[in-house]
Amino acid sequence: MTSKHVTATAHMGSIKNRFARRFLRSLLKVKRSDRLGTGTGFRSNDEEIRKRNARRIKTAAYRSMARVVGPRKIWSRALLFKLRNRARIQGAGLRKRSVVSKKKRVLRKENKVQVISREPSRADNLRKLVPGGDSMHICSLLDETAHYIKCLATQVKVMQSIADRFIL
């Protein structure tokens with residue numbers, strides 16, 4: 001039992017190191033693109049630049065985390081697919097419109113129609129939080145959620161150590 005724990009923590013350590021390397025490389029790319037001025041072609045104010053950089057850093061963190069895990073987890077495949085599509089949409093200058101639809105059930109009683117909206121269960125709420133969770137059964141959803149949380153915790157630790165080391 002202890003050998004499984006040791007290999008699991010060693011594996012998470014390697015994920016931490018691989019994520020840190022990949023994330024730092026991504027941050028360097030973000031920094032280089034800012035220096036080269038690959039923006040919109042006109043000067044932006046400081047708040048717009050900060051928002052754009054925050055979005056780039058967030059995307060770099062998620063992409064790095066998903067690429068380190070690779071295709072063996074559903075959430076990483078779904079996250080990479082989402083990021084690829086977002087880049088493709090932004091590259092084409094298109095905007096994606098999100099449509100929220102609520103599931104409704106219609107009951108008919110004596111020629112009266114009542115519309116009852118279905119309350120989301122805890123599993124449904126969890127499916128919304130985990131990338132790719134909308135198509136999972138509850139057992140695989142819980143397994144993927146546990147792994148996703150571990151990776152997010154690793155991401156936070158790496159980003160915190162980078163911030164502690166390089167920011168005054």
Side-chain angles (χ1 to χ4, degrees), residues 7-41 44 48-104 117-163:
T7 57
T9 55
H11 180 67
M12 286 308 288
S14 66
I15 286 177
K16 183 177 179 179
N17 291 335
R18 288 184 295 160
F19 169 72
R21 279 193 305 264
R22 190 173 292 271
F23 181 58
L24 286 172
R25 272 188 261 144
S26 298
L27 287 178
L28 286 173
K29 286 181 184 178
V30 168
K31 189 174 182 179
R32 271 189 241 129
S33 70
D34 281 347
R35 253 192 255 145
L36 295 175
T38 57
T40 56
S44 302
E48 288 177 13
I49 293 171
R50 267 190 241 118
K51 284 181 182 179
R52 185 173 59 236
N53 284 341
R55 197 170 41 247
R56 287 178 179 171
I57 291 169
K58 179 182 171 184
T59 302
Y62 280 128
R63 181 174 282 122
S64 300
M65 182 177 61
R67 290 194 65 193
V68 164
V69 171
R72 66 180 179 259
K73 290 292 183 181
I74 296 171
W75 68 262
S76 65
R77 289 192 305 262
L79 191 57
L80 286 171
F81 181 75
K82 180 180 176 180
L83 291 172
R84 242 182 271 124
N85 282 342
R86 184 180 295 160
R88 199 175 298 144
I89 288 170
Q90 288 175 351
L94 303 173
R95 292 191 177 200
K96 183 180 176 184
R97 294 182 183 173
S98 61
V99 178
V100 178
S101 64
K102 293 183 178 179
K103 295 180 181 178
K104 293 184 178 181
S117 63
R118 186 172 79 84
E119 290 293 322
S121 66
R122 289 182 181 175
D124 290 336
N125 290 335
L126 190 59
R127 282 185 177 95
K128 291 177 187 175
L129 295 175
V130 178
D134 51 352
S135 62
M136 290 185 221
H137 294 291
I138 190 71
C139 292
S140 60
L141 177 67
L142 293 175
D143 181 47
E144 293 281 330
T145 302
H147 192 268
Y148 184 58
I149 289 171
K150 287 178 187 176
C151 289
L152 285 175
T154 301
Q155 182 184 33
V156 168
K157 288 177 187 174
V158 167
M159 293 175 84
Q160 185 64 47
S161 66
I162 290 170

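Keep in mind it's a predicted model, so treat the numbers as computed, not measured. Just so you know, these numbers use all the heavy atoms, side chains as well, and skip hydrogens, waters and symmetry mates.
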Which residues share a side-chain contact (heavy atoms from CB on, under 4.5 Å) with Arg21, sequence neighbours left out: Asn17, Arg18, Arg25

Under the salt bridge (charged side-chain N to carboxylate O under 4.0 Å, His left out) test, which residues partner Asp134, sequence neighbours left out? none

For the residue pair Gly132 and Ile74, what are the closest heavy atoms and their distance? O-CG2, 4.0 Å

Quick one: list whatever passes side-chain contact (heavy atoms from CB on, under 4.5 Å) with Ser135, sequence neighbours left out. none

Identify, with sequence neighbours excluded, every residue that meets salt bridge (charged side-chain N to carboxylate O under 4.0 Å, His left out) alongside Arg22. none

Return the set of residues passing salt bridge (charged side-chain N to carboxylate O under 4.0 Å, His left out) with Lys51 (not counting sequence neighbours), or none when no residue passes. Glu47

Measuring only between side-chain heavy atoms, which start at C-beta, is Tyr62 closer than 4.5 Å to Gln155? yes

Salt bridge (Lys or Arg N to Asp or Glu O under 4.0 Å) partners of residues 139-149, not counting sequence neighbours, each pair once: Lys73-Asp143

Mind jotting down which residue pairs meet the side chain to side chain donor-acceptor pair (under 3.5 Å) criterion with at least one end in residues 75-84? Sequence neighbours excluded, please. Trp75-His147

Mind listing the closest non-hydrogen atom pair of Phe23 and Ile57 along with its distance? CE1-O, 3.8 Å

What's the separation between atom NZ in Lys58 and atom CZ in Arg63, rounded to the nearest 0.5 Å? 13.0 Å

So, using side-chain contact (heavy atoms from CB on, under 4.5 Å) as the criterion, who are the partners of Leu129 when residues are at least two apart? none

Rounding to 0.5 Å, atoms CG (Asn53) and NZ (Lys31) come to a distance of 11.5 Å

Excluding sequence neighbours, so at least two apart, what forms side-chain contact (heavy atoms from CB on, under 4.5 Å) with Thr145? Leu126, Val130, Leu141, Ile149

Ignoring hydrogens, what is the shortest heavy-atom contact between Ile138 and Arg127? Give both atom names and the distance. N-NH2, 4.0 Å

Could you tell me whether the side chains of Asn85 and Arg88 share a donor-acceptor contact shorter than 3.5 Å? yes

What distance do Leu152 atom CG and Met65 atom CE have between them, rounded to the nearest 0.5 Å? 4.5 Å

To the nearest 0.5 Å, what is the distance between CG on Leu24 and CD1 on Ile162? 4.0 Å

Which atom pair, heavy atoms only, marks the closest approach of Pro131 to Met136? O-CE, 4.1 Å

